[in-house]
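Everything on this sheet refers to the single structure shown next.
Quick note on labels: first sequence line is chain A, next is B, and so on, each numbered from 1. Owing to the predicted nature of the structure, the values given are computational and were not obtained by experimental measurement.
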There are 2 protein chains.
Amino acid sequence: MIESTHREHGGASVDERGDADLRQRINTRFLGQAAAGRLHAVANTRPYPLDPLAPPIELVGATMKFCANAEIYGEGEPAEYFYQVVTGSVRTFRVLRGGRRQISGFYLPDDLFGLEPGDEHSHSAEAIVDSRVVVMKRSTMLCLAARNDNIALQLCAVARRELARAQAHALLLFQSAQGRVAGFLLDMASRSPQGDTIELPMSRRDIADFLGLTIETVSRTLTSLESEATIALSNARRIVLRNRLALSQMNA
Amino acid sequence: MIESTHREHGGASVDERGDADLRQRINTRFLGQAAAGRLHAVANTRPYPLDPLAPPIELVGATMKFCANAEIYGEGEPAEYFYQVVTGSVRTFRVLRGGRRQISGFYLPDDLFGLEPGDEHSHSAEAIVDSRVVVMKRSTMLCLAARNDNIALQLCAVARRELARAQAHALLLFQSAQGRVAGFLLDMASRSPQGDTIELPMSRRDIADFLGLTIETVSRTLTSLESEATIALSNARRIVLRNRLALSQMNA
DNA sequence: CGTGCAGTTGAGCAAATTCAACGCTTGTGG
DNA sequence: CCACAAGCGTTGAATTTGCTCAACTGCACG
């Protein structure tokens, strides 16, 4: 009964094998979530049909589904879990004074996220498109880490990777609009399974809020790059890199 | 003989208790350093008199002295050590295409630095003013960590703090010139021992390269803040916060 | 066949950079 | 002691960049 309720209202579902505590938390979280309607995230938050297939549990945790724009966690909440994208994609962000939004990272399949410097989330996380996410209890991981040095060091490695990502982001923000877009495209391409073809899951607004630009500037920069034959825009969400060298020269 | 050589040419010295391996490395490093003369860091790199007093070793390591603008480590070098500021201050940075420089962080007494995501330094580090720095061998720390879970978790904590710092930096870079300067001042004040009075160790160029602005914009913004009575500039390197509220409103 | 949303394009404007000059302090040498 | 060069910081004017506001296109959905 509880499960059917959150399926109708929450935009998130948990596979059957999740433990009771986790399910409880998920229900309390997502019952109130659809009504939140935060900035830029009001549309398309509809119930999502429960996937009958249980996806493989990659680590200690349960797999959850989030439909597009559903909140995974919110800024200020206690950071009790780690997350890993299975399918789909996720954005993490903060909302600044004046309603502006800073997206701090995009997470694609296999990426880990939710590792916060403190005990509570300094960012919010939302699914960009319908996504499956593995949820791991942080205390369980730390408990394992206490018994297994290797896991502790792996956690360390995750933190360091996240640090590298944040530094790369700062590097992007140092540059001109063209440099930022070029760097973003190169990064996305390096994470894309299809080499030079990028399938963007996120909107222009997301890109703009990640790069610290306006959607107009992002759009103009992309069309300018296309007119120079540096990239090709098959459609708005599908970009092919035609001249990586030119892009890297704009970036660094 | 080796020691006298590096004292004359290197701008760095190591206290007597440093182990032989460390001394060897330091000598090879700093013999060639004075001639490097990198961007923005050519002036005032003279020999520094050896301090006869051995400062307390706070962690597993040796204390070294660096005179103003001396290089502590360089981008691309293997990251074999962690560092902690004892006195003075340190900047870490990368040099971008076109000769621009991105300062990624300022480190004041007690701050740890040199924790890199990979096995080699992704940034360079330089003393801003004459400084004393504790140097700890990374492998020693990791070895300790392997035997002591607590140390492993502490290393994790350091990484997470560094992550928070990088995220805060990205947040700064998202804002207007005024917002960046305001955020910078608030951060420096929060790390200052004297409350509202900030004694800046770094030049306008350093600040500009940290905030992604030009020195002119930094200067203009500061004088503008002073004319609004938000801050007072006793002299160029000494700033007093007069209206923290106004600053925080500009920042977030 | 509208309606609504995402994306693009254009014109005018504000913000920050560039280029240039100037003041202040400091250290050097006559 | 003064003259003077060198750095650092500030100020001004012109230019460039990216933003704001607005219109318009294309596509998906009902």
Side-chain angles (χ1 to χ4, degrees), chain A residues 37 39-46 68-69 96 98-101 128-129 172-182 184 198-227 231-239 250, chain B residues 37 39-46 68-69 96 98-102 128-129 172-182 184 198 200-227 231-239 250:
Chain A
L39 187 80
H40 303 314
V42 289
N44 201 20
T45 309
R46 292 163 310 163
N69 297 309
L96 313 183
R100 295 180 345 104
R101 180 183 65 158
I128 296 176
V129 295
L172 272 190
L173 297 176
F174 236 76
Q175 303 171 58
S176 67
Q178 216 184 38
R180 296 185 204 194
V181 172
F184 170 73
I198 308 169
E199 208 72 52
L200 293 175
M202 73 289 285
S203 68
R204 293 290 189 269
R205 167 138 302 287
D206 286 336
I207 299 173
D209 289 349
F210 178 70
L211 296 179
L213 300 170
T214 59
I215 52 176
E216 294 94 333
T217 301
V218 171
S219 180
R220 273 186 255 271
T221 306
L222 286 174
T223 53
S224 151
L225 288 176
E226 181 173 39
S227 70
I231 62 171
L233 289 151
S234 336
N235 69 58
R237 299 283 182 109
R238 183 194 197 86
I239 298 179
M250 292 171 198
Chain B
L39 189 81
H40 303 314
V42 288
N44 202 21
T45 309
R46 292 163 312 162
N69 297 310
L96 313 183
R100 294 178 348 104
R101 181 183 64 159
Q102 182 198 31
I128 296 175
V129 295
L172 272 190
L173 297 176
F174 236 76
Q175 302 172 59
S176 67
Q178 216 184 38
R180 297 185 203 192
V181 172
F184 170 72
I198 309 170
L200 293 175
M202 72 290 284
S203 68
R204 293 289 189 271
R205 166 138 301 286
D206 286 336
I207 300 173
D209 289 348
F210 179 69
L211 297 178
L213 300 170
T214 59
I215 52 176
E216 294 94 331
T217 301
V218 171
S219 180
R220 274 186 253 272
T221 307
L222 286 174
T223 53
S224 150
L225 288 175
E226 182 173 40
S227 70
I231 63 171
L233 289 152
S234 333
N235 68 58
R237 300 280 183 111
R238 185 194 195 85
I239 298 178
M250 292 171 199

Show each protein N/O and nucleotides 24-26 of chain C N/O combination with a separation under 3.5 Å, one pair to a line.
none

State, yes or no, whether a side-chain contact exists between [X] and [Y] at a heavy-atom distance under 4.5 Å.
X	Y	answer
Leu211(A)	Thr217(A)	no
Arg100(A)	Phe174(B)	yes
Thr221(A)	Ser224(A)	no

Just how far is it from atom [atom1] of [X] to atom [atom2] of [Y], taken to the nearest 0.5 Å?
X	Y	atom1	atom2	result
Ile198(A)	Phe184(A)	CD1	CZ	7.5 Å
Leu233(A)	Thr223(A)	CG	OG1	8.0 Å
Arg205(A)	Thr214(A)	CZ	OG1	8.5 Å

Between [X] ([atom1]) and [N] ([atom2]), how many Å, whole number?
X	N	atom1	atom2	result
Leu222(A)	dT9(C)	CG	C1'	14 Å
Asn69(A)	dC5(C)	CG	P	13 Å
Arg238(A)	dG7(C)	CZ	P	16 Å
Leu200(A)	dG7(C)	CG	C1'	13 Å
Leu225(B)	dG9(D)	CG	C1'	16 Å
Ile207(B)	dC8(D)	CD1	P	13 Å
Ile215(B)	dG7(D)	CD1	C1'	11 Å
Glu226(B)	dT11(D)	CD	C1'	14 Å

Can you check whether Leu213(B)'s main-chain N or O pairs, donor with acceptor, with Arg180(B)'s side chain at less than 3.5 Å?
no
Would you say the side-chain atoms of Arg237(B) pair up with the backbone N or O of Pro201(B), donor to acceptor, closer than 3.5 Å?
yes
What contact category does Arg180(A) fall into here, base, sugar-phosphate, or nothing, at under 4.0 angstrom with non-hydrogen atoms?
nothing
Could you write nucleotides 12-20 of chain C as a row of B, S and -, 5' to 3', where a protein heavy atom under 4.0 Å of any base atom gives B, of only sugar-phosphate atoms gives S, and otherwise -?
----SBBB-
Non-neighbouring partners of Ser176(B) that pass side chain to side chain contact (heavy atoms under 4.5 Å, CB included), sequence neighbours left out
Gln178(B)
Please confirm whether the shortest side-chain N or O distance from Arg237(A) to OP1 or OP2 of dG7(C) is below 4.0 Å.
yes
Short side-chain N/O contact to dC8(D) OP1/OP2 from Arg205(B), under 4.0 Å:
no
